[in-house]
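Start at 1 with the first residue, then count along the sequence.
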Amino acid sequence: MKLGIVGLPNVGKSTLFNAITKAGAEAANYPFCTIEPNVGVVTVPDERLKVLHEMYHSKKTIYTTIEFYDIAGLVKGASKGEGLGNKFLGHIREVSAIVHVVRCFEDPNVVHVDGKIDPLSDIETINTELILSDMEVLERRIQKTTKNLKGDKGLQKELDLLKRINDFLGEGKSARAMELTDDEAEFVKSLDLLSYKPVIYAANVSEDDAAAEDNAFIGQVREFAETEGSDVVVVCASIEAEIAELDDDEKEMFLEELGISESGLDKLVKASYRLLDLISFLTAGEPEVRAWTIKRGMKAPQAAGKIHTDFEKGFIRAETIAYDKLIECGGNLVTAKEKGLVRSEGKEYVVKDGDVMHFLFNL
């Protein structure tokens with residue numbers, strides 16, 4: 001899972017990126033990895049794995065990971081190649097979702113690029129560049145489809161949709177805000193439009209507002225996010241930077257003192273799972289316990305294929321128990337089986353979040 005962090009200068013984007021990548025690496029004992037200067041890998045916090053690790057005395061605990069891209073170089077005109085525009089837009093194409101950091105705090109010591117704090121204007125600046133880039137893509141596609149229409153009248157429906165999308169973008173609205181049928185949505189997804197990528201708006205607040213979860217600026221961001229079905233997470237980049245220097249116990253005490261229930265990283269992870277419709281199933285044993293991230297609605301054979309393609313090809317069945325039920329039995333599968341809590345699931349079984357699974361296969 002790749003999340004791209006974007007934002008105008010001086011909104012706290014890089015501070016947040018540096019903080020969450022370091023915090024995530026330390027919290028899960030996963031070595032911080034810089035693939036290139038603007039990419040950090042963090043583990044997805046999952047308390048269930050810690051519990052299973054202790055139960056099974058596992059040699060290894062493997063968390064699922066998220067790549068955060070610190071996407072830089074945005075200025076007005078990026079879609080036309082201004083500044084580092086082409087690099088900025090190219091990096092966005094690589095990510096699954098966008099974390100758009102929006103400044104929602106007043107600070108006379110931190111200059112805003114436009115001279116005033118206006119979250120909606122900031123959002124519009126970045127969204128406009130994505131929309132303009134998408135319109136260039138669509139115009140080329142419309143020209144090609146119009147040309148091919150002479151030999152294939154079946155393309156008329158596709159051409160009509162392309163024009164409808166282009167007109168919608170021309171109104172200054174992102175493609176993700178469009179109302180589409182399932183078939184239309186699949187087609188639009190294939191176009192790889194930047195403004196169709198799901199977005200989490202990270203409202204960056206001052207330390208005074210971190211526990212409040214709301215101020216006038218956040219309200220504006222929430223209201224806008226609703227119009228396009230996006231999520232909003234309230235974070236304080238400066239607090240995240242302080243948390244990054246603490247160990248787990250100290251972090252918990254620090255957040256409690258501030259009246260904050262969870263870190264910005266935890267919030268972002270949960271929001272990204274919701275936004276991308278992801279869940280995790282678990283495998284557990286003495287060699288290792290591990291979390292596997294899949295799309296909600298995936299069936300057992302395809303989930304098995306996440307572990308190894310041979311598991312999917314030769315899938316027989318999956319011995320499955322809900323995490324909570326396994327914990328009730330103290331991690332003892334024999335006891336769980338005696339109580340009838342371990343199920344034998346076939347090829348049509350839809351995997352649920354927290355399923356602890358053991359796959360049987362034959363090649």
Side-chain angles (χ1 to χ4, degrees), residues 1-6 16-17 19-21 23-28 30 39-52 61-71 92 94-102 176 185 189 196-204 213 221-222 225-226 228-235 240 243 248 251 255 260-284 289-300 302-307 320 322-324 327 349-357:
M1 179 162 50
K2 299 178 181 180
L3 301 181
I5 302 181
V6 306
L16 182 63
F17 170 80
I20 62 178
T21 50
E26 289 183 349
Y30 185 91
V39 181
V41 179
V42 302
T43 56
V44 174
D46 194 330
E47 290 297 320
R48 299 173 299 192
L49 290 185
K50 292 181 182 178
V51 176
L52 291 174
T61 299
I62 303 175
Y63 293 78
T64 190
T65 60
I66 294 179
E67 291 180 23
F68 282 98
Y69 281 53
D70 184 15
I71 299 173
I92 290 183
E94 298 176 20
V95 303
S96 308
I98 298 168
V99 178
H100 185 165
V101 182
V102 185
R176 60 182 164 269
K189 189 177 179 181
Y196 192 63
K197 288 186 180 290
V199 171
I200 299 166
Y201 290 102
N204 186 20
E213 286 284 311
V221 177
R222 289 192 196 281
E226 282 181 16
E228 55 176 37
S230 296
D231 212 333
V232 178
V233 168
V234 178
V235 299
E240 293 302 313
I243 291 172
D248 282 0
K251 181 176 84 170
L255 290 173
I260 300 172
S261 58
E262 56 187 344
S263 71
L265 174 59
D266 290 347
K267 290 179 186 177
L268 282 174
V269 168
K270 288 178 182 177
S272 63
Y273 268 63
R274 285 196 303 270
L275 196 67
L276 298 172
D277 209 16
L278 302 174
I279 62 170
S280 292
F281 73 89
L282 313 170
T283 53
V289 294
R290 184 165 183 168
W292 304 85
T293 298
I294 60 171
K295 270 280 192 184
R296 189 182 302 278
M298 185 175 282
K299 293 182 179 179
Q302 289 71 50
K306 288 288 181 179
I307 300 175
T320 307
Y323 168 80
D324 292 343
I327 299 307
Y349 177 68
V350 176
V351 179
K352 297 178 177 60
D353 185 58
D355 275 349
V356 182
M357 308 187 78

Novice: Side chain of K2, backbone of Y69: donor and acceptor closer than 3.5 Å?
Specialist: no
Novice: From I307 CD1 over to W292 CH2, what is the distance, rounded to the nearest 0.5 angstrom?
Specialist: 5.0 Å
Novice: Restricting to side-chain hydrogen bond (donor to acceptor under 3.5 Å, both in side chains), what partner residues turn up for K270, sequence neighbours left out?
Specialist: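 Listed in chain order: E262.
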Novice: Sequence neighbours excluded, which residues qualify as side-chain hydrogen bond (donor to acceptor under 3.5 Å, both in side chains) partners of K299?
Specialist: E348
Novice: Side chains of V42 and V269, heavy atoms from C-beta outward: is any pair under 4.5 Å?
Specialist: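 No - every pair of side-chain heavy atoms lies 4.5 Å or more apart.
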Novice: Please find the pair of heavy atoms, one from V289 and one from L49, that lie closest to each other, and give the distance.
Specialist: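 Taking every non-hydrogen atom into account, CG2-O, 3.8 Å.
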Novice: Any idea which heavy atoms bring V356 and A284 closest together, and the distance?
Specialist: CG1-CB, 4.3 Å
Novice: What are the two closest non-hydrogen atoms of A185 and Y196, and how far apart are they?
Specialist: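 Shortest heavy-atom contact: CB-OH, 3.5 Å.
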Novice: Listed by chain and number, what are the side-chain contact (heavy atoms from CB on, under 4.5 Å) partners of S280, not counting sequence neighbours?
Specialist: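 Checked S280 against side-chain contact (heavy atoms from CB on, under 4.5 Å); matches are R48, Y273, T293, D353.
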Novice: For a quick test of reading the model, state the closest non-hydrogen atom pair linking A291 to D46 and the distance between them.
Specialist: CB-OD2, 4.4 Å
Novice: To the nearest 0.5 angstrom, please state how far the CZ atom of R290 sits from the OG1 atom of T61.
Specialist: 11.5 Å
Novice: Atom NZ of residue position K189 - does it have more than 12 heavy atoms of other residues, nucleotides or ligands inside 6.0 Å?
Specialist: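 Counting other residues, nucleotides and ligands, NZ of K189 stays at 12 neighbours or fewer.
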Novice: side-chain hydrogen bond (donor to acceptor under 3.5 Å, both in side chains) with R222: which residues, sequence neighbours excluded?
Specialist: none
Novice: L276 and A97: which non-hydrogen atoms are nearest, and at how many Å?
Specialist: CD2-CB, 4.1 Å
Novice: Rounded to the nearest 0.5 Å, what's the gap from CG on L265 to CZ on F68? Could you check?
Specialist: 5.5 Å
Novice: Just verifying a value: how many Å separate I20 CD1 and I243 CD1, rounded to the nearest 0.5 Å?
Specialist: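 Rounded to the nearest 0.5 Å, the CD1-CD1 separation comes out at 11.5 Å.
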Novice: Who passes side-chain hydrogen bond (donor to acceptor under 3.5 Å, both in side chains) against S272, sequence neighbours left out?
Specialist: none
Novice: When rounded to the nearest 0.5 angstrom, what is the spacing between CD1 in I98 and CZ in R176?
Specialist: 6.0 Å
Novice: Do you know which two heavy atoms are closest between G264 and V235, and how far apart they sit?
Specialist: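 Heavy atoms only, the tightest pair is CA-CG1, 3.9 Å.
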Novice: Would you give the length of the straight line joining atom CD of E240 to atom NZ of K267, rounded to the nearest 0.5 angstrom?
Specialist: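 So the CD of E240 and the NZ of K267 are separated by 8.0 Å.
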Novice: Name the one of I279, T283, T320, V350 that satisfies side-chain contact (heavy atoms from CB on, under 4.5 Å) with D355?
Specialist: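 Testing each of I279, T283, T320, V350 against D355, the sole residue satisfying side-chain contact (heavy atoms from CB on, under 4.5 Å) is T320.
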Novice: Taking the side chain as every heavy atom from C-beta outward, state whether K295 and L278 have any atom pair closer than 4.5 Å.
Specialist: yes
Novice: Evaluate the side-chain proximity of L268 to I66: yes if any heavy-atom separation is below 4.5 Å, no if none is.
Specialist: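 I66 does not reach L268 side chain to side chain.
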Novice: Holding to salt bridge (charged side-chain N to carboxylate O under 4.0 Å, His left out), I want the full list of residues that pass it with E47, two or more places apart in sequence or in another chain.
Specialist: K50
Novice: Apply side-chain contact (heavy atoms from CB on, under 4.5 Å) to A225 and list each qualifying residue two or more places apart in sequence or on a separate chain.
Specialist: Y201, S230, V232
Novice: Answer yes or no: is there a side-chain heavy-atom contact under 4.5 Å between Y323 and L52?
Specialist: yes
Novice: A304: which residues meet the side-chain contact (heavy atoms from CB on, under 4.5 Å) condition with it, sequence neighbours left out?
Specialist: F311, F315, F359
Novice: Can you list the residues that meet the side-chain contact (heavy atoms from CB on, under 4.5 Å) rule with A271, with sequence neighbours excluded?
Specialist: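 A271: side-chain contact (heavy atoms from CB on, under 4.5 Å) contacts with I200, D231, V233, R274.
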